Student: 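What follows is a structure written as structure tokens; I'll ask about it next.
Quick note on labels: first sequence line is chain A, next is B, and so on, each numbered from 1. Bear in mind that the values here come from a model prediction, so they are computed numbers and not experimental data.
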Amino acid sequence: MHAVTYELIKKDEKTKARRGRIHTPHGDIETPVFMPVGTAATVKAMRPEEVKELGASIILSNTYHLYLRPGHELVREAGGLHKFMNWDRAILTDSGGFQVFSLGDLRKISEEGVAFRSHIDGSKHFFTPEKSIEVQNALGSDIIMAFDECAPYPAERDYIKRSLERTTRWLARCKEAHKNTETQSLFGIMQGGMYQDLRHQSAMEIVEMDLPGYAIGGLSVGEPKDVMYEVLDYCVDYLPENKPRYLMGVGSPDCLFEGVERGIDMFDCVLPTRIARNGMAMTSGGRVSIKNAQYERDFSPLDAECDCYTCKNYSRAYLRHLFKSNEILSSMLLTNHNLHFLVNMMGKIRESIEEDRFSEYKKSFYAKYGRF
RNA sequence: GUGGGUAUAGUCAAGUGGUUAAGACACAGGGUUGUGGCUCCUGCAUGCGUGGGUUCGAGUCCCAUUACCCACC
């Protein structure tokens, strides 16, 4: 028995959308779900209690960052990541695979692993699948991710093929290295770029390893949205129905709807938290750049339809003032709102699937939200 | 009143007779998708207190004038 298991509750009649539940040692996760990102053992600008209050049942944290600082041994000493950061719900840790991609010229990939330089102090490090799992075992997150290579876009078919096959070999090593199977579950990651046959190949190879969950990686790396949707269409079909499906790094409202429609259960993204710190809000009427001069004397709430703490208590004019003044509270209030917006939206999506009106809900959402 | 100094964008300012007047902040707009991000990109002075003059050419030199600052009476 895996530490993390998936329960399929209901399938949408018209689309591939589905309503499910993931059981973890730190509580159940109703799916489809959006996971806020807390890279350095903190969802930036938020207290854990707030993240809980707005309804998040799982957050994502990062192996690469915690390994570099404060160090996974220190987190282990602290009693694990949950205790260290005072978060008693589920945690998923990314493997550091994405940093292999985003660190760009600071790294070198080989069969054994990845040599890279710390973005903090420039020191040299070497990550292998075994190392990534060792770190994630020390952190104690409920879901740990395989160490993969997130290939760039665009990329030659030949490169993608060799990369995906290496990612598969790395996955086998991850599975072998993973010891805490009673408390932590390892998810595999599909690669294959924008090539259908390679996606199929990748899926066949990783599904065979019978892991408790599967992620689709290598998307949202700069390709046009319609390309991503097209790839997503067939990717989901290659994954087993009785396991959660996780689309990595996707989090704009439209992408969430499109992902759910194609059968995705889990999403994570820095978008809501990052843009919040840069003065951008997601609202039911579309994106609102709170720094725009038009809100200088706008004393109405950010989103009249929102019942989050920020919208219940503060005006656009005040939020603009906070942002222009570089006040810490600006990041706090906008992050709170954006996370609430997405978590709440996912709740409505789940409800709509239960009531067989997902397509209708999507349509009405798009009508109001407009351009993304 | 006398002597000296300073006036360049909303602010602080570079500029030593030669293309198109640095830069910073502010302001305005845009970006951000498994976080190297309180960040990045773009725009923003046909003009140098005002009026004359010298010169092929003046923010730069000369004269006058106004405002402000400092010292002395």
Student: Using a strict heavy-atom distance below 4.0 Å, which residues from residues 53-62 of chain A are in contact with RNA chain B?
Tutor: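 Per residue number, the list reads A/L60, A/N62.
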
Student: Is there a side-chain contact between A/N278 and the phosphate of B/G30, meaning an N or O under 4.0 Å from OP1 or OP2?
Tutor: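 Checking A/N278 against B/G30: no side-chain N or O falls below 4.0 Å of OP1 or OP2.
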
Student: Determine whether any donor atom in the side chain of A/R274 lies under 3.5 Å from an acceptor atom in the base of B/U35, or the reverse, and answer yes or no.
Tutor: yes

Student: Is the distance from OP1 or OP2 of B/U32 to the nearest side-chain N or O of A/R287 less than 4.0 Å?
Tutor: yes

Student: Check ring-ring contact (aromatic ring centres under 6.0 Å, His included) between A/H119 and all other residues, then give those that pass, not counting sequence neighbours.
Tutor: A/Y64, A/H65

Student: Looking across every strand, which nucleic acid part, if any, lies under 4.0 Å from A/G96 by heavy atom: base, sugar-phosphate, or nothing?
Tutor: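 Result for A/G96 = nothing.
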
Student: Donor-acceptor pair under 3.5 Å: do we get one between A/S102's side chain and the base of B/U35?
Tutor: no

Student: Taking B/G47 as the reference, what is the distance to B/A58 when you measure between their C1' atoms (whole Å, please)?
Tutor: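 After rounding to an integer number of Å, I get 13 Å for this pair.
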
Student: Which stems, defined as runs of 3 or more consecutive Watson-Crick or G-U wobble pairs with both pairing distances under 3.5 Å, involve RNA chain B?
Tutor: B:1-7 with B:66-72, B:10-12 with B:23-25, B:27-31 with B:39-43, B:49-53 with B:61-65

Student: How far does the C1' atom of B/C56 sit from the matching atom of B/C41, given to the nearest Å?
Tutor: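 B/C56 and B/C41 have their C1' atoms separated by 42 Å.
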
Student: Please determine whether any donor N or O and acceptor N or O are separated by less than 3.5 Å between the side chain of A/R277 and the base of B/U32.
Tutor: no

Student: Which residues in residues 113-147 of chain A have at least one heavy atom lying under 4.0 Å from any atom of RNA chain B?
Tutor: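 Within residues 113-147 of chain A, the residues near RNA chain B are A/H119.
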
Student: When all nucleic acid strands are considered with a 4.0 Å heavy-atom cut-off, which category describes A/N326: base, sugar-phosphate, or nothing?
Tutor: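 Base contact - A/N326 has a heavy atom under 4.0 Å of at least one base atom.
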
Student: Nearest to the side chain of A/H65 - B/G34, B/U39, B/G36?
Tutor: B/G36

Student: Do other residues, nucleotides or ligands put more than 12 heavy atoms under 6.0 Å from A/E111 CD?
Tutor: yes

Student: Does B/C38 have its OP1 or OP2 closer than 4.0 Å to a side-chain nitrogen or oxygen of A/S331?
Tutor: no

Student: With a 4.0 Å cut-off on heavy atoms, is A/Q99 in touch with a base, just the backbone sugar-phosphate, or nothing at all?
Tutor: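 It contacts sugar-phosphate atoms only.
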
Student: Please collect all side-chain hydrogen bond (donor to acceptor under 3.5 Å, both in side chains) contacts where either partner lies in residues 45-54 of chain A, sequence neighbours excluded, each pair once.
Tutor: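 Found A/E49-A/N86, A/E50-A/N336, A/K52-A/D88.
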
Student: Just by distance, no angles: are the side chains of A/N62 and A/T39 close enough, under 3.5 Å, to form a donor-acceptor pair?
Tutor: no

Student: Is a donor-acceptor pair below 3.5 Å formed from side chain A/K44 to base B/G37, judging by atom type as modelled?
Tutor: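 Check fails, no donor-acceptor contact within cut-off.
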
Student: Distance between the P atoms of B/C62 and B/G23, in whole angstroms?
Tutor: 29 Å

Student: With A/F98, which residues qualify under ring-ring contact (aromatic ring centres under 6.0 Å, His included), at least two apart?
Tutor: A/F101

